[in-house]
Amino acid sequence: MAQITLDKLAHSYLAKPQNDADFALKQIDYVWEDGGAYALLGPSGCGKTTLLNIISGLLVPSKGHIRFDANDVTELSPENRNIAQVFQFPVIYDTMTVEENLAFPLVNRGVKRSEVNQRVNDMLVTLDLKDKAKRKARGLTADEKQKISLGRGLVRYDVNAILFDEPLTVIDPHMKWQLRTKLKQLHEQFGHTMIYVTHDQTEALTFADKVVVMYEGEVVQIGTPEELFDEPAHTFVGYFIGSPGMNILPGAVEQNTLRLADQSFELNKHYRSLSGKLEIGIRPEFVKVTDAAGAGSSGVKMQVNSVENIGRHKIVRGMVNGQAIDAVVDEDANVPADAFAVFDKSRFNVYEDSHLVRAES
Ligand code: ADP
Ligand code: MG
């Protein structure tokens, strides 16, 4: 296992990149801790696979270096990096049986037969494939083939890291949840450094200790699921994480007075003077919907457009002062016709040109 350092790393698929926009991966400096469980999260095309392939060695970056512990591996092939990588679609040998497929990465490295058998057997149990052990991979379903792919990545114990690139795409939803839980268990048991690429926030937030959020080739925030929820560093993170995402509205802040939807809020913190495009973020979970009596002087008139039931909560969508706004309320909360929105003012986040501004005190 290894700590993985990205040192001024950047990549362009063009031979002669001219400007920032030519880079599929903009400069990143980061250390992946030995034994960490990370998710790389972002929409399609934001550069996740590019970054993962640089870590695995399938791609040599146009700039910067990558180190496994103290060793510079920037130019090393995947075989020489001692990593396992699981791809979006199955990579297996159709003519081999399930158990032969699982044994292959071990046999290939000269692991003794008794140990191979033990590990293959464990993996068959883990993946619930024991009854298919002697079957040729060819005749199996896409689901089962992808499970073998996962098993081939997980069966080795001597790897520096295990990299997953959207590995559950072809797996059915119920199985997805099971396999994700299994991956987390295996991580806890063996402590491999794991990097898991996904565009699905639920997958990222349930698997990882730390989530790396990417947007247009840039890492916009690295944080725990709680940090991404409470203090999104960029409006994109606020909007991308959460369902629905964070409300982001035009507003202003002067010292400890925040203005939003024609209302002033006195905060018990203080901001430096700000310029640029100012926006206020507030998660739907921190917007209450109530009637005039419930709102008192702190409410803002809200036009309710729809109410959706989502199990234990309801999503209320509407307009406040000409701006679209979502609120998440309890399933048994009453949504009055004459509604007012009440904001939890301790939960406002302030954004200057899309970047979070922290209060000074
Ligand atoms: P993701 O995995 O997040 O969907 P990718 O890393 O695959 O994103 O792609 C990032 C950007 O790089 C995209 O704009 C994509 O079109 C471009 N790209 C990816 N692979 C290549 C390639 N082999 N040649 C040229 N451009 C590529
Ligand atoms: Mg990809």
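Counting begins at 1 with the first residue of the sequence. One-based numbering, in listed order, for ligands and for the atoms of each.
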Student: Just checking, is any N or O donor in the side chain of Asp143 or Thr141 under 3.5 Å from an acceptor N or O on the other one?
Tutor: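 There is no such pair (donor and acceptor under 3.5 Å, judged by atom type) between the side chains of Asp143 and Thr141.
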
Student: When you measure from the side chain of Asp262 to the backbone N and O of Asn321, does any donor-acceptor pair fall under 3.5 Å?
Tutor: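 Looks like no, no N/O pair under 3.5 Å.
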
Student: Assess the pair Tyr93 and Phe104: is the distance between their ring centroids shorter than 6.0 Å?
Tutor: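 Yes, they do, as the ring centres are separated by less than 6.0 Å.
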
Student: Give me the protein N, O or S atoms that fall under 2.8 Å of the Mg ion (ligand 2), sorted by chain and residue number.
Tutor: Thr49 OG1

Student: Could you pull out, from Asp165, Ile54, Thr198, Thr49, the option with a heavy atom nearest to atom 7 (O) of ligand 1?
Tutor: Thr49

Student: What protein heavy atom is closest to atom 10 (C) of ligand 1, reported as residue, atom name and distance in Å?
Tutor: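 In this structure, atom 10 (C) of ligand 1 has Gly45 O, 3.4 Å as its nearest protein heavy atom.
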
Student: Considering only NZ, NE, NH1 and NH2 on the basic side and carboxylate oxygens on the acidic side, decide whether Lys277 and Glu352 come within less than 4.0 Å.
Tutor: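 Looking at Lys277 and Glu352, the cut-off is not met.
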
Student: For ligand 1, which atoms, with element, lie under 4.0 Å from some heavy atom of Ala24?
Tutor: 11 (C), 12 (O)

Student: Any chance the side chains of Glu99 and Asn101 put a donor and an acceptor closer than 3.5 Å?
Tutor: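 No pair is found: no donor N or O on one side chain lies under 3.5 Å from an acceptor on the other.
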
Student: Give the atom numbers and elements of ligand 1 that come within less than 4.0 Å of a heavy atom of Thr50.
Tutor: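 Close to Thr50: 5 (P), 6 (O), 9 (O), 10 (C).
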
Student: Does Arg317 come within less than 4.0 Å of Glu308, counting only side-chain N to carboxylate O?
Tutor: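 Yes.
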
Student: In this structure, which one of Tyr38, Trp32, Phe207 forms a ring-ring contact (aromatic ring centres under 6.0 Å, His included) with Tyr196?
Tutor: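 Single pass found, and it is Phe207.
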
Student: Looking only at protein heavy atoms, which one is nearest to atom 8 (O) of ligand 1, and what is the separation?
Tutor: Gly47 N, 3.2 Å

Student: Strictly less than 4.0 Å: does any protein heavy-atom distance to atom 16 (O) of ligand 1 fall in that range?
Tutor: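 Answer no: nothing from the protein, no heavy atom, is under 4.0 Å.
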
Student: With a 6.0 Å cut-off on the ring centroids, do Phe343 and Phe286 count as close?
Tutor: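 No, they do not, as the ring centres are separated by 6.0 Å or more.
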
Student: Among protein heavy atoms, which sits nearest to atom 23 (N) of ligand 1, and what does the distance come to when rounded to 0.1 Å?
Tutor: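 Ranked first by proximity to atom 23 (N) of ligand 1 is Tyr13 CE2, 3.6 Å.
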
Student: Does the pair Asp7/Arg67 count as a salt bridge with the N-to-O cut at 4.0 Å?
Tutor: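 Yes.
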
